[in-house]
Amino acid sequence: CPRWEEEKKEDGVKWTQLEHRGPYFAPLYEPLPEDVHFYYNGKPLKLSLATEEIATFYAKMLDHEYTTKEIFQNNFFSDWRKEMTSEEQKIIQDLDKCDFSEIHKYFVDKSEAKKALPKEEKQVRSDSRGIWDWCMCLGYLGLCFLSHQVLCPDLGSLWGSSVSRTIIPLLQEFHQQILHVPWPSLDCVLGSCSAQRIPEPPEGHRWKEVRFDNTVTWLASWTENIQNTLKYIMLNPSSKLKGEKDWQKYEVARRLKDVVHKIRAQYRADWKSKEMKKRQRAVALYFIDKLALRAGNEKEEGETADTVGCCSLRVEHIQLHPELDGQEHVVEFDFLGKDSIRYYNKVSVEKPVFKNLQLFMKNKDPSDDLFDRLTTSFLNKHLQHLMDGLTAKVFRTYNASITLQEQLRALTNSEDNVAGKLLSYNRANRAVAILCNHQRSVPKTFAKSMEILQTKIDAKKKQVEEAQQELKKAEDELEDTKDAKAEANVEKKKKLLKRLEEQLARLNVQATDKEENKQIALGTSKLNYLDPRITIAWCKKFGVPIEKIYNKTQREKFAWAIDMAGEDFEF
């Protein structure tokens, strides 16, 4: 039977056989070639090894916007000077006088040379590290996750993810520990491996701990020393264990459809409860259900921005309008959600919800909690009571998947070509992304890419017009001569015109799709909230190649769904 449907192990047991090679550690720093120089105040300056290594971190990022930020520059320079020798500290006193351009060019050229290698040589290099990519689990050969490497230090990995979430709190100094310990192996824990075959640590090092634990699926862990958080090396999304977990996630969401009407009836009844705590829970659950809001208290470790969810909303985050834009009982939301993404929405709610919100806000300051009697744990306990495994996230998954299925039914035209069907799919996906507030800023390259696309459209229109004129001439010639050669020429011109018109239609669809999705992030919902079986069933039913929706990595992640879903699958 398919590996996803094999007999389940006893509670808590994830595997009975697991072998892997441990994490891959980056090699030690190699000094720059003699002909690559760092310049200070216009003059070449030979740096000590530690100082040079940190200089390369900065040089690699010269074309990144991080290096234009003053706080980033100041923190880098402050830490860099700590690693300098006393002689270097006397000389290097101003970052503006430092010239990293030659070092930057060296790494750019090195990267380009690597890209230009023949395919065979790239494969040889890849194979030399490939033994770290694989593990054996439950008799299946599977990939370790992408982070099988304990990353070597560079400013991107140390600061990048923090900067992308909230710039202020973590544009800070990178810690000296990682500079002095290029291999953090003394702090590396092997968490899942069969006792018979323990991976060898790097020469001169030992594992902090070797743990035989078949109730976890991470292969190794270490403490990341910027935010002092644990990092894990996991199995690849295409592995049996990950696929099984994904499948079960969507099955829980599917079970919700059998009880959702009962749950909705329950929270509507609770709007009139004499107990304020129940009223607040019922209104919060209404928002989670109808607006796909997160429950709250879901901040990433180290995130200090003022982000909130449903349960942690404050009075200042909503405004009530008895009437607005021709609608009654309108609630205007404005707050920062997960990853500091602004949630702004004006929605007409049912009258009892509006009345309850007025009650919740009465005699409160703007900074007071809207749901002051409600906590996330209290809400989640209630959800577990309603259905085993039910959480606020299950509501998001359920509503996202149901919305996709309904939108695909409404928007897909079986007579459309593949490009037209893909436009319908992306529109359905966009409806989900809007529901889940998956926004993005307009890409910096958007205007340029649209300009290039419009140039292609204009050129294709010209080709179509020329082909139409050529066809007219051929038809006129056929009228005059009536011979077979002229008839064949007309058929040839018709085929050419048809092909060009189809190409123009595809370009127009592409332009429409780009414009409509410039501020919407379709990927988050597609990978995390939409049951992939809905998409695969749609592809099979309407003859759309699955690779048009999912790339190779995503197809591996959703291998279980491709195995399971037929064209008649219903979420």
The reported gap from CZ in F38 to CD1 in I92 (rounded to nearest 0.5 angstrom) is 4.5 Å
With a 4.5 Å limit on heavy-atom distance, are the side chains of V308 and H317 in contact? yes
Rounded to the nearest 0.5 Å, what separation is found between the CD atom of E83 and the CD1 atom of I54? 4.5 Å
Less than 3.5 Å apart, any donor N or O on the side chain of Q554 or K557 sitting next to an acceptor on the other? no
Just by distance, do the side chain of T397 and the backbone of K393 share a donor-acceptor pair under 3.5 Å? yes
State which residues pass side chain to side chain donor-acceptor pair (under 3.5 Å) with T512; sequence neighbours excluded, sorted by chain then number. none
How about Q454 and D458: does a side-chain donor come under 3.5 Å of a side-chain acceptor? yes
Does T455 use its side chain to pair, donor to acceptor, with the backbone of E451 at less than 3.5 Å? yes
Is the cationic atom of R396 (NZ for Lys, CZ for Arg) positioned less than 6.0 Å from the six-membered ring centroid of Y529 and within 45 degrees of its normal? yes
May I ask you to decide if V432's main-chain N or O and T403's side chain share a donor-acceptor pair within less than 3.5 Å? no
Say whether Q73 and T67, considering side chains only, have a donor N or O and an acceptor N or O under 3.5 Å apart. no
Between the main-chain N or O of D246 and the side-chain N or O of W560, is there a donor-acceptor pair closer than 3.5 Å? no
Mind checking the OH-CG spacing from Y106 to D35? Nearest 0.5 Å is all I need. 9.0 Å
Check: T535/Y425 side-chain N/O donor and acceptor closer than 3.5 Å: yes
Any donor-acceptor pair under 3.5 Å linking the side chain of E88 with the backbone of S48? yes
T56 versus F107: any side-chain heavy-atom pair under 4.5 Å? yes
I'd like to know if the side chain of K460 reaches the main chain of A505, judged simply by a donor and an acceptor atom lying under 3.5 Å from each other, with no hydrogens or angles considered. no
Any sub-3.5 Å donor-acceptor pair from R533's side-chain atoms to A565's backbone N or O? no
Pairing residues for T391 by the side chain to side chain donor-acceptor pair (under 3.5 Å) criterion, not counting sequence neighbours: none
For residues 98-105, which side-chain donor-acceptor pairs fall under 3.5 Å, sequence neighbours excluded?
unit_1 : atom_1 : unit_2 : atom_2 : d
D99    : OD1    : S101   : N      : 2.9
D99    : OD1    : S101   : OG     : 2.5
E102   : OE1    : Y39    : OH     : 3.1
E102   : OE2    : H37    : N      : 2.8
E102   : OE2    : H37    : ND1    : 3.3
H104   : ND1    : A59    : O      : 2.8
K105   : NZ     : D109   : OD2    : 2.7

